[in-house]
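Here's the structure, in structure tokens; my notes come after.
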Amino acid sequence: MPRPGRSPCGSRLRSKDGRPGSPDYHSRVPPVVRFAPSPTGFLHIGGVHTALFNWLYARHEGGEFRLRIENTDTSREVAEASEQIMESLRWLGLDWDGEVTYQLDRMERCKEEAERLVAEGKAYEDEGAIRIRMPDEGSTSWEDLVRGHIEVPSEKLEDLVAVRADGRPTYNFASPVEDWLDGITHVIRGEDHISNTPKQIRVLEALGAPLPEYAHLGNIYGPDGKKLSKRHGAVSVEEFRTAGYYAPALLNYLALLGWSYDDRTEIFSRDDLVRLFTLERVGASPAVFDYDKLNHLNGLYLRALSPEEYADALLAWLREQGYEWDEGLVKKAAPLVQEKIGTLGEFPAFAGFFFDRVAPDPALLDGSGPLLAEARSVLADLEPFDSERVEGSLRELAERQGLKPRQAFQPIRAAVTGSKISPGLFESIELLGREETLARLDAAAGGF
RNA sequence: GGCGCAUUCGUCUAGUGGCCUAGGACGCCGCCCUCUCACGGCGGUAGCACGGGUUCGAAUCCCGUAUGCGCCUCCA
């Protein structure tokens, strides 16, 4: 498949003396990309957005998507974080190629490379640390696949600390070294790394390593305009999962942040995304995460499921969350809520009355004792006890009492479901069954 | 402060000089449907940050300003 759009011209260095830098080695397919989170907690939504774009690029181009855990900062490492990150990626279906690598495992190699640079005169020791010389003049530039030409004057680039006095390599050294070791051809990451790029290019240059292509995505911010990250208390993939979001919907939404296919299409399956994704259509500006839109998409996805798929998804979620409700009943309740709730997480509050006795707010029942008693007697002998007949008899009851349907049904709804908001009343009554329905009507009517 | 990046409805975006009196979606508002809540249908609201250029013509190109963000750590 030919690659449309931008010419595959590579990153280049340009100095004042006009000396060209390393030519790009990687304009050929297949590309190798990576996602390199640090294991400091759950995978946050900004991180997974970056992971998704890397994954999409790799899958679209038939390349490889690698996972690298950047765990050199052991002081900030959180136990289990790596496993949690992988679990989140699995949940979203972002599969990686090859073994997961850990930055810590390659500290020695990084140190050796730094020492080599010292031996070659490209770096020097400074109070126990190793610093790499940065050019004093000229500039460093590259053709960013998302932003185009970026050029940074070298004057103020301080000599980069590659290895700390305690022997640990720094991020700006270890990261490019590992990209080189892994044969990474395209570095796709957040825009907060733009300023690091010239340093990393110079590191690679000193190492004699080929330069990857760079693509800097816009960051994702919260509705308050603050950067959406775990540091700012934002949101993790785990939280979305717990809240009952459907993975394909979340993936679809994330893809729409900074990428678009055309001026109107916005529903994309995972396969659609892989087929249609190109870096060329990725935008450079930051985006605000819109929970309303995510909810809308999630509802769309959930409603589009077949009743069986929906019930399965609901059951799986309930199990994950530790609910031990009768599965047969959940399956029967599922179709009653599918059109009504936007996330699986709303189910317990919305349909929990099927599984537990309710205690309606007395205010909702105020003065309706006689009506409830009447409803009870109408339903007591109904045969068969199905929603159609329940509806028919209750409508007759309303008419007899001279009540508008909603006036008659709201107290009954409150008595039976415990709330003024519920799935369809008649279907709910049928599912609850005669005995349970009568008991709830009695309990509610008895209060007066 | 220096350097860098960004800037189209409240939000996500389409738009690469004339097809734009700027399109779609979410949200919001109204109407319809209706046993509640939703769904759905119909209609509406709202935007090219500002100022200069270039051009017959600019949301689109150039310059400046403003604002936001990032980096300037022996953090990642």
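Chain letters run A, B, ... following the sequence lines, proteins first, then strands; residues in each count from 1.
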Checking understanding here: a glycosidic angle within 90° of 0 is syn, the rest anti, so what is B:C39? syn
Got a sec, which residues hit side-chain contact (heavy atoms from CB on, under 4.5 Å) with A:Asp126, two or more places apart in sequence or on another chain? A:Tyr124, A:Arg131
Nearest to the side chain of A:Arg76, heavy atoms from C-beta on, is which of B:G24, B:A76, B:U36? B:A76
Per the under-4.0 Å heavy-atom filter, residues of residues 334-342 of chain A near RNA chain B come out as A:Glu339, A:Lys340
So, for A:Tyr171 and A:His193, is the gap between ring centers shorter than 6.0 Å? yes
Parallel, tilted or perpendicular: which describes the rings of A:Tyr301 and A:Tyr246, with under 30° parallel and over 60° perpendicular? tilted
Please state whether the phosphate of B:C75, meaning OP1 or OP2, lies under 4.0 angstrom from any side-chain nitrogen or oxygen of A:Ser38. no
The side chain of A:Val288 is closest to which nucleotide in this list: B:U11, B:U13, B:A76? B:U11
Assess whether atom OH of A:Tyr261 is packed by more than 12 heavy atoms of other residues, nucleotides or ligands within 6.0 Å. no
Has A:Glu388 got more than 12 heavy atoms of other residues, nucleotides or ligands less than 6.0 Å from its CD? no
Between A:Arg168 and B:C74, does any side-chain N or O lie under 4.0 Å from OP1 or OP2? no
Rounding to a whole Å, what distance do you find between A:Leu297:CG and B:C12:P? 15 Å
Can you name the nearest heavy-atom pair linking A:Asn71 to A:Gln103, along with the distance? OD1-N, 3.2 Å
Listed in order of residue number, which residues of residues 244-268 of chain A have a non-hydrogen atom at under 4.0 Å from RNA chain B? A:Leu256, A:Leu257, A:Gly258, A:Ser260, A:Asp262, A:Asp263, A:Arg264, A:Glu266
Show each protein N/O and nucleotides 2-6 of chain B N/O combination with a separation under 3.5 Å, one pair to a line.
unit_1	atom_1	unit_2	atom_2	d
B:G2	O2'	A:Lys156	NZ	3.3
B:C5	O2'	A:Arg147	NH1	2.3

Going by the angle between their ring planes, with limits at 30° and 60°, are A:Phe53 and A:His49 parallel, tilted or perpendicular? tilted
From the options A:Arg106, A:Arg34, A:Arg109, select the one residue that forms a salt bridge (Lys or Arg N to Asp or Glu O under 4.0 Å) with A:Asp182. A:Arg106
Sequence neighbours excluded, the answer for ring-ring contact (aromatic ring centres under 6.0 Å, His included) partners of A:Phe240 is A:Tyr245, A:Phe289
To the side chain of A:Asp292, which of B:A76, B:U36, B:G27 is closest? B:G27
Choose from B:C35, B:U36, B:G70 the nucleotide whose nearest atom is closest to any side-chain atom of A:Asp192. B:G70
Against A:Ile412, only a single residue in A:Leu365, A:Leu394, A:Thr417 fulfils side chain to side chain contact (heavy atoms under 4.5 Å, CB included); can you say which? A:Leu394
Please report, rounded to the nearest Å, how far the C1' atom of B:U73 is from the CZ atom of A:Arg164. 9 Å
Any idea how A:Phe355 and A:Trp325 line up, ring-wise: parallel (<30°), tilted (30 to 60°), or perpendicular (>60°)? parallel
For the side chain of A:Arg303, counting heavy atoms from C-beta on, which of B:C69, B:C39, B:U36 is nearest? B:C39
Assess whether atom NZ of A:Lys332 is packed by more than 12 heavy atoms of other residues, nucleotides or ligands within 6.0 Å. no
In the 5'-to-3' direction, what one-character label does each nucleotide of nucleotides 42-48 of chain B receive under the scheme B = base within less than 4.0 Å of a protein heavy atom, S = sugar-phosphate only, - = no such atom? -------
